[in-house]
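Just below is one structure, and these are the notes that go with it.
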Amino acid sequence: MGDRRLTPLPREFFDRPACEVAPDLLGRIIAHGPVAVRLTETEAYGKPGEDPASHSFRGRTHRNSVMFGPPGHLYIYFTYGMHFCANLICLPEGIASGVLLRAGEVVSGVDVARYRRENDRPVPERDLARGPARLAVALGFAREHNGLDCCGEGIVRVLEGEPAMAIKGAIKAGPRTGVAAGAETPWRFWIDGDGTVSPYRPHVRRIRA
DNA sequence: CATGCGATGTTCT
DNA sequence: GAACATCGCATGG
């Protein structure tokens with residue numbers, strides 16, 4: 001991984017609201033085993049003003065309990081009957097907030113990520129982790145990773161990537177993808193012009209037959 | 001590029 | 001029973 005620092009981000013990094021942590025996470029690296037992804041798109045959920053889009057909005061349940069735990073841990077949830085998505089938990093124990101890891105560039109273990117992502121059709125390199133469910137697959141995240149600590153020398157680490165200063169001017173903010181409530185809040189952050197950022201999709205309500 | 005729809009199962013009401 | 005922090009494929013401009 002070149003001259004990138006391998007030091008995990010300190011837990012204090014996550015001891016802030018997700019809306020502050022999310023843009024600060026852009027350009028940084030999350031690594032799990034052989035695969036590492038440089039984050040290019042994130043979304044914040046929870047706290048400040050109580051966020052109706054957050055899984056934690058209606059209080060603690062079995063599914064969202066990790067969100068109420070200590071900062072710096074992984075919150076993995078299952079959705080749409082087939083996808084896992086990963087968040088990094090923010091704010092101290094008892095207060096729920098998290099950053100959804102929406103997209104990134106695979107900077108290590110491209111071969112492993114490709115093997116996990118490809119079924120029958122080939123996947124363009126920039127699409128390997130372009131979208132939250134795709135990113136989770138590329139990094140090998142599933143149910144069993146829920147609650148894992150990402151600070152320290154565990155199997156999942158969030159590393160310092162390129163200095164946030166270097167991309168500061170390129171960070172954009174806008175409405176969150178696919179959320180029904182609280183879509184106006186501009187808590188989606190991305191690196192402008194980066195090809196690994198996922199396409200924006202508004203929320204669509206649907207009824208099943 | 002934008003919009004639309006089906007797939008699939010878990011969680012919470 | 002409804003809703004869902006998505007994705008892949010299809011169609012239309």
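As the structure is a prediction and not an experimental result, all values here were calculated from the model. Values reported hereafter were calculated over all heavy atoms of this structure, with side chains retained and with hydrogens, waters and symmetry mates removed. So you know, we letter chains A, B, ... as the sequences are listed, proteins then strands, and number each from 1.
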| query | With both distances under 3.5 Å as the test, what is the Watson-Crick or G-U wobble partner of C:dT6? | reply | B:dA7
| said: I want to confirm an ordering. Mapping A:V179 and A:R117 to their closest nucleotides on DNA chain C, which one lands closer to the 5' end? | reply: A:V179
| field | Row check, A:F14 ring normal vs A:R11 NZ/CZ: under 6.0 Å, within 45° | value | no
| When we call it a touch if two heavy atoms are under 4.0 Å apart, what does A:R188 touch: a base, just sugar-phosphate, or nothing? | nothing
| query | Mind checking whether A:Y75 and A:H55 have parallel, tilted or perpendicular rings, split at 30° and 60°? | reply | perpendicular
| task | For A:R176, answer base if it contacts any base atom (sugar-phosphate contacts may also be present), sugar-phosphate if it contacts only those atoms, and nothing otherwise; contact means non-hydrogen atoms under 4.0 Å. | result | nothing
| request: Would you indicate which nucleotide in C:dC9, B:dC12, B:dA7 comes nearest to any side-chain atom of A:M82? | output: B:dA7
| said: In whole Å, I'd like the distance from the OH atom of A:Y80 to the C1' atom of B:dC5. | reply: 13 Å
| What nucleotide, of C:dA5, C:dT6, C:dC4, holds the atom closest to the side chain of A:A180? | C:dC4
| message | Should A:Y45 be counted as stacked on C:dA5, where stacking needs a ring-centre gap under 5.5 Å and an angle between planes under 30 degrees? | response | yes
| A:R38 vs A:T40 side-chain heavy atoms within contact, under 4.5 Å | yes
| said: Is A:R63 close enough to C:dC4 that one of its side-chain N or O atoms is under 4.0 Å from OP1 or OP2 there? | reply: no
| said: So, under a plain 3.5 Å distance rule, would you say the side chain of A:R206 forms a donor-acceptor pair with the base of B:dG6? | reply: yes
| field | Separation of atom CD1 in A:I76 from atom C1' in C:dT6, rounded to whole Å | value | 15 Å
| message | With heavy-atom distances below 4.5 Å as the criterion, would you say the side chains of A:R134 and A:V137 are in contact? | response | no
| field | Upstream residue (5' side of DNA chain B) when A:R143 and A:H83 are each assigned their closest nucleotide | value | A:H83
| Between C:dA5 atom P and A:I89 atom CD1, what is the distance in whole Å? | 15 Å
| said: If I take atom CG in residue A:D127 and atom P in nucleotide C:dC9, what distance separates them, rounded to the nearest angstrom? | reply: 11 Å
| field | Atom-pair distance (CZ on A:F78; P on B:dT8), nearest Å | value | 12 Å
| message | Can you identify which nucleotide, out of C:dC7, C:dA5, C:dA3, has its nearest atom closest to the A:I207 side chain? | response | C:dA3
| message | So A:R201, base contact, sugar-phosphate only, or nothing? Heavy-atom distance under 4.0 Å. | response | base
| said: Is there a side-chain contact between A:P17 and A:L91 in this structure, where contact means two heavy atoms from C-beta onward sitting under 4.5 Å apart? | reply: yes
| field | Separation of atom NE2 in A:H55 from atom P in C:dA3, rounded to whole Å | value | 15 Å
| request: Indicate, yes or no, whether a donor-acceptor pair under 3.5 Å links the base of C:dA5 to the side chain of A:Y77. | output: yes
| query | How close or far is atom C1' of C:dC9 from atom CG of A:D120, stated in whole angstroms? | reply | 12 Å
| request: Indicate yes or no: at least one non-hydrogen side-chain atom of A:V21 is less than 4.5 angstrom from one of A:L88. | output: no
| Short side-chain N/O contact to C:dA5 OP1/OP2 from A:H203, under 4.0 Å | no
| query | Whom does C:dG1 pair with, Watson-Crick or G-U wobble, provided both distances fall under 3.5 Å? | reply | B:dC12
| field | Euclidean distance, atom CZ of residue A:F57 to atom P of C:dA5 [Å, nearest integer] | value | 14 Å
| message | Base, sugar-phosphate or nothing for A:A133? Non-hydrogen atoms, less than 4.0 Å. | response | sugar-phosphate
